[in-house]
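Heads up, the thing below is written out as structure tokens.
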Amino acid sequence: VVQWCGVVTDLTEQVAAKQRLQLLQQLNEALRDELSADAILSTTTELLGRALGASRVCYAEAQEPGDDLMSIAHGWTDGTTSALPPRLRHSSLGQAVVDHHRRGLTLVADNVVEHPLMSPEVAAACQSVEYAAGVDVPLVKEGRLVAFLSVHQSSPRKWTPHEVGLIEEVAERTWAALERGRAEQD
């Protein structure tokens, strides 16, 4: 039995690595010559959402680096989940989550109701916008939170280390593509 478990784990990891590589290649091809922030975010959020079978993916930017007001620069949904409002106060997620994000730490919530950083009020607010599970990757540049990429699931979900790593990599690539686009448009 142990030998079979090792083979299955090995195959699962190989499949996950292959899927990750395919998505990153698709993303590179799609963003290679793209300069428009809207097109970059539309492509990134949709590719990531579809690859993960997520309910919603959104990219939010601080109005000013380190600011509490975040603008949803772009969001993708699977068609069964509603979009988030165009602006949100980062502080509405609770001080523990804000502190976690500001330290540049990825927040992984398999179930927001059970997550130790989320108060019952924050968990209820998340559930009211169909966010039962999610991964938030904060982008901290020069010591300030400037943006985050967030992947949501409308029901509880166990996020794998492969999925979390992929979301983190896509977040960094998205930031780099946006910065490149902004620099070339100036």
Side-chain angles (χ1 to χ4, degrees), residues 4-62 65 70-84 100-101 103-110 130-142 145-186:
W4 279 105
C5 288
V7 170
V8 170
T9 300
D10 235 16
L11 289 173
T12 302
E13 288 177 8
Q14 287 176 5
V15 167
K18 184 176 180 180
Q19 288 172 333
R20 178 181 183 150
L21 183 60
Q22 286 174 338
L23 175 65
L24 294 175
Q25 286 174 336
Q26 285 179 317
L27 196 57
N28 284 342
E29 288 173 24
L31 300 181
R32 182 175 299 128
D33 299 320
E34 190 55 65
L35 299 178
S36 159
D38 284 341
I40 290 168
L41 292 171
S42 175
T43 299
T44 300
T45 56
E46 182 175 351
L47 282 174
L48 183 60
R50 290 189 188 286
L52 293 173
S55 300
R56 176 175 46 228
V57 179
C58 59
Y59 186 90
E61 293 182 307
M70 305 292 284
S71 290
I72 306 296
H74 190 79
W76 171 88
T77 72
D78 64 358
T80 66
T81 306
S82 59
L84 291 177
H100 196 81
H101 283 160
R103 288 193 309 270
L105 301 172
T106 299
L107 181 104
V108 180
D110 296 334
E130 303 166 280
Y131 178 179
V135 177
D136 297 340
V137 179
L139 295 156
V140 176
K141 306 298 177 187
E142 299 177 9
L145 178 66
V146 294
F148 62 84
L149 180 66
S150 191
V151 178
H152 302 167
Q153 200 67 41
S154 58
S155 58
R157 173 183 178 157
K158 175 75 177 138
W159 300 97
T160 69
H162 290 289
E163 291 170 329
V164 173
L166 178 62
I167 297 165
E168 290 171 334
E169 189 159 349
V170 169
E172 286 297 334
R173 288 179 184 224
T174 302
W175 172 260
L178 289 168
E179 288 298 290
R180 178 183 47 81
R182 290 172 179 146
E184 289 187 28
Q185 289 181 341
D186 287 342

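- Looking at E172 and L139, their side chains come closer than 4.5 Å, going by heavy atoms from C-beta outward.
- More than 12 non-hydrogen atoms from other residues, nucleotides or ligands lie less than 6.0 angstrom from CD of Q25.
- In this structure, a donor-acceptor pair under 3.5 Å is absent between the side chains of S36 and D38.
- For K141 and E179, the salt-bridge test fails: no basic side-chain N is under 4.0 Å from an acidic carboxylate O.
- Annotation: the span from L47 atom CG to L52 atom CG amounts to 10.5 Å, rounded to 0.5 Å.
- Counting heavy atoms from C-beta outward, D136 and Y131 have side chains that approach closer than 4.5 Å.
- Atom-to-atom distance recorded for R103:CZ and L145:CG is 12.5 Å, nearest 0.5 angstrom.
- The distance from the CZ atom of R173 to the CG atom of L166 is 9.5 Å, given to the nearest 0.5 Å.
- Here Q22 contributes atom CD and L27 contributes atom CG; the two are 13.5 Å apart, rounded to the nearest 0.5 Å.
- Considering only heavy atoms from C-beta on, Y59 comes within 4.5 Å of T174 through its side chain.
- In this view, H100 satisfies the ring-ring contact (aromatic ring centres under 6.0 Å, His included) rule with no residue, not counting sequence neighbours.
- Of the possible polar contacts, one joining the D110 side chain to the W159 backbone as a donor-acceptor pair under 3.5 Å is found.
- In summary, the side chains of E130 and T81 do not present any donor paired with an acceptor at a separation below 3.5 Å, with no hydrogens or angles considered.
- Contact between L41 and A73 at its shortest, heavy atoms only, is CD1-CB, 3.6 Å.
- Residues L107 and F148 form no side-chain contact, since every pair of their non-hydrogen atoms from C-beta on lies 4.5 Å or further apart.
- Under the 4.5 Å side-chain criterion, counting only non-hydrogen atoms from C-beta, V170 is not in contact with V137.
- Across all non-hydrogen atoms, the minimal contact from S82 to R56 is O-NH1, 2.5 Å.
- Here CH2 of W76 is found 12.5 Å from NE2 of H152. Values are rounded to the nearest 0.5 Å.
- Here the side chains of E163 and R157 are in contact, with some heavy-atom distance below 4.5 Å.
- Between the CD atom of E168 and the CG atom of L149 there is a distance of 10.5 Å, given to the nearest 0.5 Å.
- Taking both residues in full, the closest heavy atoms of A133 and S155 are given as CB-O, 3.7 Å, listed atom of the first, atom of the second, then distance.
- One N or O on the side chain of S55 and one on the backbone of S154 form a donor-acceptor pair closer than 3.5 Å.
- In terms of heavy atoms, A60 sits closest to I72 at CB-CD1, 3.9 Å.
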